[in-house]
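For reference, the structure is listed below as structure tokens.
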Amino acid sequence: MSNLKVPTMAEMMAAGETPDILFWVGCSGSFDDRAKKITKAVVKILNHCNVKFAVLGAEESCTGDPAKRAGNEFTFQMQAMMNIQVLDGYEVKRIVTACPHCFNTLKNEYPELGGNYEVIHHTQLIQDLINTGKLTIEGGTYKGKKITFHDPCYLGRANDVYEAPRVLIEKLDAELVEMKRCKTNGLCCGAGGAQMFKEAEKGNKEINVERTEDALETSATIIATGCPFCNTMMTDGVKNFNKEHEIAVLDVAELIANAAEL
Amino acid sequence: MIASIVFSVICLAGFGFFGWNLWKIRYNINLGKDIDRSGNKSERLKTMLLVAFGQKKMFARPIPALLHLAIYVAFVITQIELIEIIADGVSGQHRMFHEALGGFYTFMISFIEILSVLALIATFAFLARRNIIRLARFQKPEMKGFPSLDANLILLGEILLVMCIFTMNGADEALYLQGASHAAHDVQGSFGFTISAWLGEHVFSGMDVATLHLLERIGWWGHVTMVFAFLNYLPYSKHFHILLAFPNTYYSNLEKKGKFTNMESVTNEVKLMLDPNADPYAAAPEGAEPQRFGAKDVTDLTWKNLMDAYTCTECGRCTSACPANITGKLLSPRKIMMDTRDRLMEVGDNFRKHGKDYDDGKALLGSYILEEELWACTSCNACVQECPVNIDPLSIIVDLRRYLVMEESKMPTELTGMLTNIENNGAPWQFSPADRGNWIHED
Ligand code: SF4
Ligand code: SF4
């Protein structure tokens, strides 16, 4: 039995309360076993800092991102409009999400369909919690460790968020080592644009293998990401080189939760 | 007198033909669908000044940036000299501004000469990068044939042009030294231009006056001919970017790169579907054109997509950063832009010849761009980020995908499954929506 406190919007409403922020978990964060651990790391941090949040639970549905990238605007807009109905029904104002794809879609593509929210990525929220003194981290666990950060395309290039995750890694007293392709030049993990759900087209290499080589070159022992899909791709990439015992692929939220011993 | 007439005719023909080609390109770009890029003028101006005028994005790769800068600055500054050449040519005078401007004239021409030498060095370096070092991004399949020739022709033209300038100035300097330059009323002396002062003394000095006058004229006419040849070659070449880079960056997409366009035509239909009170028969207002979702041909794209295509420099920065291309997939964002331009020129010619309803049985999708290319894209925006003139290949890829998926239901089978899952289960995988909150209670 987990001791996490995860109220749903419906429960909050029933208790006559309004959360400060909605945690949008996303499909991956809800259903994928690896990504669920990231979801829990985020919850641990939120609980620890007494953030008044809620999730939608079974009322949440896919944002429609993979449908839109695949070219099916109908499916995307159906999903978006249904989600907007739910969000507006609960009068949601602020949303945090651990998935850059949900982040991008909610933040940039929902407004034109009538859904206007302040949307932040979990690394931005955590940075804010640290800045306001609600969260403090002792560098113990990762002190001196070499960590490299893989920029998720939909966080970095798509939305110009490069600093928040890096600031967090530096808070760990770790050594942040950059890959040769990083920030605006970061190489995709291969999952975006609905590629996650299909076989790659014919080529001579998998994209995640190419990207994992960049990470291996840094000789980092931890590859940090901020996206559940990047996490899957990089984990597979590391396995491809039989390095899964030497190199861990972790979300920034997991690093922070571990370092804060939550 | 005869020379003045010949010159004026060349001038008129040169500018006239160029104008006609400009009109055709404008016509072609206007075949695209409307998109509003008018707002936020100050931000647009700033983008244009930084990216086109200041070449900001070029400096992500410093070596080609510096080489390119040398040619670019030389090109822009040499236009000042061109004013004098045209004035001389029409009036039949020689170095009209020489006396009028005095020391400033010496400074200007010297400046142009120094820049021309730098541009010459850069030109040789560029030729070497393409033909000796054979940089990978210039050797991709889409560069075979005309595109490679195009790049080399321009570089060779540049060399010829600079040689003409120095033949003209060097010979004139030698004439001046002998007191035979028309610009100096047969007095002896020197123009004092930095490079040609040396050339006049060391290279052209032993020649007699008649030869020098001939060489000077060859240089002058060669220069003029090259300028008009270049001007009229531009519309057929990737070098058209020297003009379109400015409007193209001005009309850049100022939104976040992750934001894909909203399809309003779909919004209307989805609203009807979700509204239980809607009258299903009221859907199509009378006289409405049947909508095509997404893009099958160039006329379904926006005018900005089409302007992008004409602006593309074929530099391949996009392709060299594309994860699909890097890992051997068929997709190359540069090819997407080149195909769009080739097809647009074809459609434009067809329309002008046979009228706007003409159908040649071909389309951008299928005849030029294959489905396999489109499905390799991860929508990572690396190509958009890299492009030195703010071209957006991704938006064309997405519009072609939209056509495939929404009009023809053609997509990789796994994606059909993914879409069905989203529609039925609210997730791209086959999980029950009721289980979405289960993680809360799992350990
Ligand atoms: S967005 Fe598509 S075409 Fe552009 S670089 Fe990424 S994968 Fe290549
Ligand atoms: S789209 Fe841009 S980056 Fe790509 S070849 Fe054309 S000019 Fe170069």
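Chain identifiers are assigned alphabetically (A, B, ...) following the order of the sequence lines, protein sequences preceding nucleic acid strands; residue numbering begins at 1 within each chain.
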Contact summary for [X] and [Y], nearest pair of heavy atoms:
X	Y	answer
A:Phe31	B:Ala427	CE1-CB, 3.8 Å
B:Lys329	A:Lys205	NZ-O, 2.8 Å
A:Ile207	B:Ala324	CD1-N, 4.1 Å
B:Glu442	A:Lys40	O-NZ, 2.5 Å
A:Phe197	B:Pro428	CE2-CB, 3.4 Å
B:Met418	A:Ala194	CE-CB, 4.0 Å

Exercise. Would you call the rings of A:Tyr154 and B:Phe260 parallel, tilted or perpendicular if under 30° counts as parallel and over 60° as perpendicular?
Worked result: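 Rings of A:Tyr154 and B:Phe260: tilted, as their planes differ by 30° to 60°.
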For this session: Check B:Val266, B:Leu419, B:Ile422 against A:Asn72 for a side chain to side chain contact (heavy atoms under 4.5 Å, CB included) and give me the one that passes.
Result: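 One option only clears the test, and that one is B:Leu419.
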Problem set entry | Ion pair A:Glu60/B:Arg436, N-O distance below 4.0 Å |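 Here A:Glu60 pairs with B:Arg436 in a salt bridge, since their nearest N and O are under 4.0 Å apart.
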Heavy-atom pair count under 4.5 Å with chain B, highest-scoring of [options]:
options	value
A:Gly29, A:Gly57, A:Cys189	A:Gly57
A:Ser61, A:Ala58, A:Cys153	A:Ser61
A:Val25, A:Leu56, A:Thr184	A:Thr184
A:His101, A:Met196, A:Gln79	A:Gln79
A:Met81, A:Lys37, A:Arg211, A:Glu210	A:Met81

Quick one: what part of [X] sits under 4.5 Å from any heavy atom of chain B, side chain, backbone, both or neither?
X	value
A:Lys107	side chain
A:Asp33	neither
A:Glu73	both
A:Asn159	both
A:Thr63	neither
A:Lys36	side chain
A:Gln85	neither
A:Val209	neither
A:Tyr110	neither
A:Arg181	side chain
A:Gln77	both
A:Leu113	side chain

Main chain of [Y], side chain of [X]: is a donor-acceptor contact present, judged purely on distance under 3.5 Å?
X	Y	result
B:Glu372	A:Glu201	no
A:Gln195	B:Cys377	yes
A:Lys198	B:Trp375	yes
B:Asn381	A:Arg157	no

Determine the option with the most heavy-atom pairs under 4.5 angstrom with chain A, choosing from [options].
options	value
B:Pro433, B:Cys322, B:Ala434, B:Gly328	B:Gly328
B:Gly437, B:Ser432, B:Ala321, B:Cys380	B:Cys380
B:Val270, B:Leu331, B:Thr261	B:Val270
B:Lys257, B:Lys256, B:Glu269	B:Lys256
B:Glu373, B:Glu264, B:Glu423	B:Glu423
B:Ser379, B:Gly417, B:Pro412	B:Ser379

Problem set entry | Spacing of CD belonging to A:Glu206 relative to OG1 belonging to B:Thr327, to within rounding of 0.5 Å | 7.5 Å
For this session: Would you check if A:Ser28 and B:Trp429 make a side-chain contact, meaning some heavy-atom pair closer than 4.5 Å?
Result: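 A:Ser28 vs B:Trp429: side chains touch.
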Exercise. What part of B:Asp435 lies closer than 4.5 angstrom to a heavy atom of chain A: side chain, backbone, both or neither?
Worked result: both
For this session: Let me know if B:Phe293 has heavy atoms under 4.5 Å from chain A in its side chain, its backbone, both or neither.
Result: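 The side chain, not the backbone.
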Exercise. Where do B:Leu330 and A:Lys202 land on the side chain to side chain contact (heavy atoms under 4.5 Å, CB included) test, with the steps shown first?
Worked result: CA-CA 8 Å; B:Leu330 202 56; A:Lys202 198 161 63 45; over 6 Å; no
Problem set entry | Residues, nucleotides or ligands: over 12 heavy atoms within 6.0 Å of B:Lys33 NZ | yes
Problem set entry | B:Glu408, CD: over 12 other non-hydrogen atoms inside 6.0 angstrom | yes
